Amino acid sequence: MIVVDGLTKAYGSLQAVAGLSFSVAKGEVVGLIGPNGAGKTTTLKCMVGIQAPTSGSVRIDGRDIVTDAIEAKRRLAFMPDEPQLFEYLTVREHLALVARLYRVTEYSARIPLLLGELELSGKEGALPGELSRGMKQKLAIACGLLHDPAVLLFDEPLTGLDPLGIRRMKETIVARARAGAAVVVSSHLLHLVEEICTRILILNKGTKVADGTLEQLAARADLAAAGSGLEQIFLHATGYDRDDGAS
Amino acid sequence: MTGAFLYLTACSLKNRVLRRFRRLREPRYVAGLIVGLLYLYWFVARNQMRAARPGGGGLAALAPFAANIVSGGALLLWVVALLVWLWPSASKAWSFSGAEVQFFFTAPVSRRQLLNYKLLRSQLGLLFGVLIASLFTGAARAAAAGRWSFLLGGWLLFATIFLHVLGANLTKASFRAPAARVPWLAWASAAAMVLVSGTVLGSYAVHARALVAKPPAEMLDAVLEVSRGGVMAVALWPFTAIVAPIFSQVPATFARALVPAFAVVALHYWWVLQSDAQLEGAAAAAELHGARKRGGLPAPVLRAAPFTLAPEGRLETAILWKNMIQIGRYVSVTTLIRVLLPLIALAFVIGLNNRGGSLAPFVLMMAVFLAIMGPYMFRNDLRMDMPLLPVLKTWPISGRELLLGELLAPAFVLSAAVWFLLAVAFALSRSWSVGPGDTLGRAVIAISGAVLAPMLIAGQLLIQNAAVVLFPGWIATGGARPRGIEAMGQNMLMLAGTLLALAVGVLPAAAAAAGLGFLLYAFIGWPGVLPAALLFAGVLVVEVWLVLTWLGRVLERTDPSQIEVAE
């Protein structure tokens, strides 16, 4: 469903992502983790067409995100860590706008269900300024889910959510994957990744340093010494445990 | 503490200049700079040279009218001050950036130190504004008392206006504040303004009959003469003191005029600091903090959408729908006054030459100004949406569709307003002696204007949006655009660039239309203007479409992370 092939993104002399390749199949939830500056957000932005790759390609359901951008974008949804909303559109109007952009003809029937799932019922007429940080995040996610995308990309999806919202969000992500969507979740919350992701991709300095299920990573010869927990594996794979030892 | 503020100001200035130089590594910014420099050479430098030529006019030539100019300037300043007080907005007194709030409000810095820093820093912008104004008008070289008299006099004028706006806003905030007692200074300031305005209006009321009896040619002189006598001269003294230096005829009078002008500035400085202290910094800070959180825009007012958006149809309509909602929810009495007041004032000044008694030229001028200035003032397009470009780029929509959709809302609103004004002008044109005398001829002119207006408006909107796409670092985007006198220089440069691009853009259409128009006029008279207007609009449609297609591709390639926020 998602094929990233040799993705490279450079900002002048700085290489944020270098020759990254991976794929995500239907029903998979891939956790994208890495230290600050590892290239996670840049990778996501290249995958959704916000930034053009310097080289390499990204294919969404067989459509190239650069050369066939519109068809590729029609099949995906990106939920950034900071919800970006139009301050002058109500909750319902945001969804109506997205429905037109993605040609969701049955959106009137879908909106109540979606708002109920994300606990936004009763807020249809509210402007973003009247919503809490968590509700804004939920609205951005509702906009992303409205067209039932085949590919979902989340950047820190739990930011600003309350405990109940966190649980609902995890359920939503897992439910979408079970329904056949390919999901990528970028997060620093390793327990979230450990809990909901079927596969883990560790980035460091723009390159892939590990890719596999938690069990596969724990069994890898060079990571076996770290232990079976994701935190230990992460620190070992990115070299942070060795830095600690050195200092 | 002053050292820290000076360090911050110096570093900000240095980094701002360096960033501008760094931008020049991109060819498009180099091209923009070359075009800008060429423009400055042709239109500004030549203007300067003309003003410097012996006998070339300049402010010295206005010596016989100096008294009237100073009186007129003082009256105008009073009108500006009155508008500031009556302005129906909740303008924020101070404008602190997020970083300033985070670093200074929590630091061991006194409120007075902080305000002094803000006031000093604003002077850089004011000086830049005066410099640009003097460059564009050539006034500095033409100033009778020397180049520095214009710059210093101009700075005194702008600094006083700046401080007066601040003081008035702080005073108004005092009356709005939930505190139990309104500070004495707020009452005193408001009373002073009421007293001055009452004296001015009262004096004119007393002289009204004599003024009305004057022939039109002498009326302006009489109006200004009244302002120079009796209690009105006393009431307008602070305004006269501020205007006097800039129009001084010799260096000696300039030096003498500086003393009262500096006294007025000092009084304003004291007023601002005392007003802030009496309002209590915390209240003012909370007010501005709220504004900052909303990104410089007021809170939208929930009003009905203009139409229901169906889930199927052209994608441009979705953007139009969104932007029409935006216009509807942000429009207010203040916005309307802000848009209409300059138009009415300019149209009135132009219409003064009309002796026929018809209001048609006045209304026509409003239509023309709206068609020319409207696209610059109405920013409900990509200029507002640029901060959300990362979101727009995830939508399944082509760059051309997005751009076209963004242009539609302001184009529709402005075109409708221009059409309305043209219709009114046509209805009033019967008694207007200029142009075609018959109804058919006047109707042809009005219809031709109605054909031309939307394309002229669309063309200018496209130029403004193209500037945002091509030179994002030079254009203020979103709601937090630079305002006030300090932004004047930047705005003048942008307006000049837009008009230059428009002139180049309409040249092919104008040439073709003029050829056809003259030919047809020779045979069929005024009705020949309409096919020429249609040809003009047709050529512009093709041009706009071609530019939209090209610009759409540029937008698709634009990397939001590479966009620097304009200061």
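Everything numeric in this text was worked out from a predicted model, so none of it was measured. Note on naming: letters A, B, ... go to the chains in the order of the sequence lines (proteins, then strands), and numbering restarts at 1 for each one.
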Under 3.5 Å: donor-acceptor pair, side chain of [X], backbone of [Y]:
| X | Y | result |
| --- | --- | --- |
| A:Thr54 | A:Ala10 | yes |
| A:Arg100 | A:Leu95 | no |
| B:Asn380 | B:Asn323 | no |

Test log, rule side chain to side chain contact (heavy atoms under 4.5 Å, CB included), inputs A:Phe78 and B:Lys393: CA-CA 11 Å; A:Phe78 175 52; B:Lys393 290 208 76 172; over 6 Å; no
Residue, of A:Leu97, A:Thr90, A:Val98, that accumulates the most heavy atom pairs under 4.5 Å with chain B: A:Leu97
Top of A:Ile65, A:Leu76, A:Leu89 for chain B proximity - count of heavy-atom pairs under 4.5 angstrom: A:Leu89
Among B:Leu388, B:Val301, B:Val391, residue most engaged with chain A (heavy-atom pairs, under 4.5 Å): B:Leu388
Top contributor to chain A contacts, counting heavy-atom pairs under 4.5 Å, from B:Lys322, B:Arg557, B:Glu556: B:Lys322
Side chain from CB out, backbone as N, CA, C, O: work out which of these in [X] comes under 4.5 Å of a heavy atom of chain B, or both, or neither.
| X | value |
| --- | --- |
| A:Leu85 | backbone |
| A:Ala69 | neither |
| A:Leu127 | side chain |
| A:Ser108 | neither |
| A:Glu71 | neither |
| A:Val104 | backbone |

Residue from A:Arg110, A:Lys138, A:Arg176, A:Arg168 passing salt bridge (Lys or Arg N to Asp or Glu O under 4.0 Å) with A:Glu117: A:Arg176
Interatomic distance, A:Tyr102 atom OH to A:His147 atom NE2 [nearest 0.5 angstrom]: 4.5 Å
Closest non-hydrogen atom pair between A:Pro35 and A:Thr238, with its separation: CD-CG2, 3.7 Å
B:Trp321 portion near chain A, given a 4.5 angstrom heavy-atom threshold: side chain
